[in-house]
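Computed from a predicted model, the values in this text were never measured in an experiment. In each ligand, atom 1 is the first atom listed, and ligand 1 is the first ligand listed. Hydrogens, waters and symmetry mates play no part in the numbers below; they use all other heavy atoms, side chains included.
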Amino acid sequence: MYHKMMRLSILICAAPLFIYIACCSAAPVLPEPESVYQTNYESAKDYLRKFYNFTEQVSKNVTKILFEKKIKQMQQFFHLHVTGQLDSNTVDMMKKPRCGVPDVSNYNFFSGKPKWRKNPVTYRMNNYTPDLPQRDVTETLQKALSVWSDVSPLQFHEVLNGNADIMMFFASLDHGDGYPFDGPGNVLAHAFSPGEGFGGDVHFDEGEKWSLSQRGINLFLVAVHEIGHALGLSHSNDPKAIMYPIYRYVNTENYRLPQDDVNGIQALYGK
Ligand code: TQI
Ligand code: CA
Ligand code: ZN
Ligand code: ZN
């Protein structure tokens with residue numbers, strides 16, 4: 001009985017194989033499997049670079065792991081069998097013509113996706129830092145707000161007294177919200193996600209040496225980052241994003257919001 005089944009299955013397998021060989025016999029040479037894999041691998045990497053923010057890593061092993069992860073993301077997106085392998089369904093899908101917009105972004109939201117359900121959103125500058133002329137602080141924080149309003153339908157209106165949605169101030173150590181600052185270094189500032197009360201508020205650590213240049217801590221860059229939080233963006237894993245959780249100085253003249261952050265704010269509020 002067992003043998004009969006074996007034979008049967010061999011027959012079933014053999015038939016399509018034979019047809020396949022017969023069909024392909026007209027082809028001049030069968031391409032070597034290895035080189036097919038190589039070209040697919042190279043073009044798959046191009047594809048993942050373009051649409052899944054894949055980047056080659058220094059370590060081959062790390063590249064391999066990242067490659068598998070990105071393949072899985074892509075398979076998930078297209079509802080393919082998620083194998084992490086460059087199987088034929090996946091290769092076929094990659095060969096299909098498609099629009100040039102990446103499938104995955106790196107921005108993130110807070111859980112529950114809090115956002116402002118009003119427009120304009122009000123802000124108030126409650127105090128200033130002695131590190132910089134008052135006019136520069138006002139101008140810098142306004143510039144940081146407009147970085148976000150320039151690429152979204154959001155508008156910001158300043159209020160000079162009373163409560164505002166986004167209350168901004170400089171403070172040292174304990175300042176009444178349960179998240180005391182820590183003097184020079186470490187935490188530079190923090191912000192609360194959109195909501196009532198502390199929601200949307202932005203606090204800067206007066207313990208830092210605030211600057212508008214590369215020295216000390218650049219107020220503009222930190223403000224853009226914190227306002228991002230105050231509008232509902234959490235950290236991104238795109239190293240180019242302003243919402244990437246590592247401080248890096250970039251030229252702030254004619255500053256343009258990185259694409260990942262533009263995608264993030266537009267996903268939340270529209271274009
Ligand atoms: N302040 C942290 C931050 O804003 C506080 C924080 C940690 C946080 N996790 C959070 C705030 C999640 C909201 C949601 O990220 S920080 C940077 C950056 C800081 C860090 O002082 O460490 C900037 C402030 F990105 F450079 F690391 C501003 Cl730009
Ligand atoms: Ca600090
Ligand atoms: Zn605070
Ligand atoms: Zn942050």
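Contacts with ligand 1 closer than 4.0 Å are made by no heavy atom of R248, backbone or side chain. Using a 4.0 Å cut-off between heavy atoms, V187 contacts ligand 1 through both its backbone and its side chain. Using a 4.0 Å cut-off between heavy atoms, M243 makes no contact with ligand 1 at all.
Between the OD2 atom of D205 and the OD1 atom of D182, the angle taken at the Ca ion (ligand 2) works out to 90° after rounding to 10°.
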### Query
Could you walk me through whether V121 and I166 pass the side-chain contact (heavy atoms from CB on, under 4.5 Å) check?
CA-CA 8 Å; V121 171; I166 300 178; 4.0 Å; yes

### salt bridge (Lys or Arg N to Asp or Glu O under 4.0 Å) assessment of K95 paired with D92
CA-CA 5 Å; K95 286 182 181 152; D92 287 351; 5.0 Å; no

### Message
Pair H175, D177 - check side chain to side chain donor-acceptor pair (under 3.5 Å), show working.
### Response
CA-CA 6 Å; H175 55 279; D177 61 7; 3.2 Å; yes

### Message
The test is ring pair (Phe, Tyr, Trp, His ring centres under 6.0 Å); show your working for H157 and Y123 and say whether it passes.
### Response
CA-CA 6 Å; H157 275 195; Y123 70 93; 8.8 Å; no

### Query
Between Y52 and I71, does a side-chain contact (heavy atoms from CB on, under 4.5 Å) hold up when you go through it step by step?
CA-CA 9 Å; Y52 289 84; I71 287 276; over 6 Å; no

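Taking every non-hydrogen atom of P245 and a distance limit under 4.0 Å, the qualifying atoms of ligand 1 come out as 18 (C), 25 (F), 27 (F). Those atoms of ligand 1 with a heavy atom of V222 less than 4.0 angstrom away are 28 (C). Close contacts of ligand 1 with F110, meaning ligand atoms under 4.0 Å from a residue heavy atom, involve 14 (C). Interface of L188 with ligand 1, defined as ligand atoms under 4.0 Å from a residue heavy atom, comprises 16 (S), 21 (O). Those atoms of ligand 1 with a heavy atom of H225 less than 4.0 angstrom away are 3 (C), 4 (O), 15 (O), 23 (C), 25 (F), 28 (C), 29 (Cl).
Using modelled atom types and a 3.5 Å distance limit, the side chains of E206 and T129 yield a donor-acceptor pair. With no hydrogens or angles considered, no side-chain donor-acceptor pair links D87 and H81 at under 3.5 Å.
Rounding to the nearest 0.5 angstrom, the gap separating the CG atom in N106 from the CG atom in N263 is 9.0 Å.
Residue side and main chain included, V187 places an N/O/S atom under 3.0 Å of the Ca ion (ligand 2). Checking G185 against the Ca ion (ligand 2), an N/O/S atom falls under the 3.0 Å cut-off. Taking backbone and side chain together, G183 holds an N, O or S atom under 3.0 Å from the Ca ion (ligand 2).
Among H229, H235, E226, the residue whose heavy atom lies closest to atom 24 (C) of ligand 1 is E226. Nearest to atom 26 (F) of ligand 1 by heavy-atom distance, out of Y247, Y244, F204, is Y247.
When side chains are defined from C-beta on, F109 counts as touching L233, because their heavy atoms get closer than 4.5 Å. Put simply, the side chain of D131 reaches to within 4.5 Å of the side chain of K209, judged on heavy atoms. L48 is listed as a side-chain neighbour of F67, based on a closest heavy-atom distance under 4.5 Å. In this structure, the side chains of D165 and F156 stay at 4.5 Å or more apart for every pair of heavy atoms.
In this structure, F110 and H229 have tilted ring planes: the angle between them lies in the 30° to 60° band. Between H190 and F181, the angle of the ring planes stays under 30°, which puts this pair in the parallel group of the 30/60° scheme.
If you look at E208 and ask which of its N, O or S atoms sits nearest the Ca ion (ligand 2), the answer is OE2.
Take a cut-off of 2.8 Å around the Zn ion (ligand 4): the protein N, O or S atoms inside it are H225 NE2, H229 NE2, H235 NE2.
Inclusion of A189 in the set of residues having an N or O under 3.5 Å from an N or O of ligand 1 is warranted.
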